[in-house]
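Heads up: the structure comes next, in structure tokens.
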There are 2 protein chains.
Amino acid sequence: MPQNGQEQLLTPGEVAAMFRVDPKTVTRWATAGRIGSIRTPGGHRRFRESEVRSMLAELTSEVNVSDDLTRGR
Amino acid sequence: MPQNGQEQLLTPGEVAAMFRVDPKTVTRWATAGRIGSIRTPGGHRRFRESEVRSMLAELTSEVNVSDDLTRGR
DNA sequence: TACTAGTCGGGTAATTAGGGAC
DNA sequence: GTTGTCCTAATTACCCGACTAG
């Protein structure tokens, strides 16, 4: 079994689905340097799941926090 | 773990997990000469861990962490 | 010898990159 | 200033049967 100290990566389509935007938009974010990207030798991009999720959480504004629903922070 | 001093070899599946691609894609990289490969007597491929890691680091671009992440602007 | 998981091949869909304009 | 859609070319993903690794 391979060691699991690696970072989980996401495809542009998955990131686009998380933000509910077009994959092209995610590509623009990567081009603009707003999100870190890992390129395959073929030129396709992969994104770090932790980075995407933290960004998603960072840009999320909750209405109210009742109890321990906040487990990531 | 295994022998030290020797170079660690990775299977196509492990390299595929690092790049979040299909093992078949890694095979294609080897066929196209984008990555060095070592063939077993049976025809299966093995890849050098150092080469894969350096390539992964080479194709990784971090975000420019500006201070204005605080949503002030 | 038999067994499980992985990796050959090829072939065909699906995704992505890049440019450019609105 | 940002996002979505158009196009073409390239890359990648999933399908199969057969073989290898251990």
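Worth saying up front: this structure is predicted, and the values here are computed from it rather than measured.
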Query raised in the report: C/dT15 P sits how many Å from A/Leu10 CG, rounded?
Result: 16 Å
Report task. Take atom CZ of B/Arg45 and atom P of D/dC19, then tell me their distance rounded to the nearest Å. Result -> 18 Å
Query - Heavy-atom side-chain contact between B/Thr60 and A/Arg48 under 4.5 Å - result: yes
Query raised in the report: Which pairs pass ring pair (Phe, Tyr, Trp, His ring centres under 6.0 Å) with one or both residues in residues 27-60 of chain A, sequence neighbours excluded?
Result: A/Phe19-A/Trp29
Query - Nucleotide of C/dG6, C/dG9, D/dA13 approaching B/His44 most closely (side-chain heavy atoms) - result: C/dG6
Query raised in the report: Looking at residues 28-40 of chain B, who's got a heavy atom less than 4.0 Å off DNA chain D?
Result: B/Arg28, B/Trp29, B/Arg34, B/Thr40
Query raised in the report: Is there a donor and acceptor pair closer than 3.5 Å between the side chain of B/Lys24 and the base of C/dG11?
Result: no
Query - Nucleotide nearest A/Arg46 when distance is taken to its side chain, options D/dA21, C/dC8, D/dA13 - result: D/dA13
Query - Complementary nucleotide for C/dT15 - Watson-Crick or wobble, under 3.5 Å - result: D/dA10
Query raised in the report: Between atom CZ in B/Arg20 and atom P in C/dT16, what is the gap in whole Å?
Result: 11 Å
Report task. Using side-chain contact (heavy atoms from CB on, under 4.5 Å) as the criterion, point out the one residue from B/Leu56, B/Ile35, B/Leu59 that pairs with A/Pro41. Result -> B/Leu59
Requested in this report: Start with the C-alpha distance between A/Glu7 and A/Ser50, add both sets of side-chain angles, then the distance that settles side-chain hydrogen bond (donor to acceptor under 3.5 Å, both in side chains), and finish with yes or no.
Outcome: CA-CA 8 Å; A/Glu7 185 71 52; A/Ser50 60; 3.1 Å; yes
Report summary line: The salt bridge (charged side-chain N to carboxylate O under 4.0 Å, His left out) partners of B/Arg20 (sequence neighbours excluded) come to A/Glu14
Query raised in the report: Reckon A/Thr27 has a side-chain N or O less than 4.0 Å from the OP1 or OP2 of C/dT16?
Result: no
Report task. Measure the OG1-CZ distance between A/Thr11 and A/Arg45 for me, rounded to the nearest 0.5 Å. Result -> 13.0 Å
Report task. Provide, to the nearest angstrom, the distance between the CG atom belonging to A/Leu9 and the P atom belonging to D/dT12. Result -> 14 Å
Query raised in the report: How long is the line joining CG of B/Asp22 and P of C/dG11, in whole Å?
Result: 18 Å
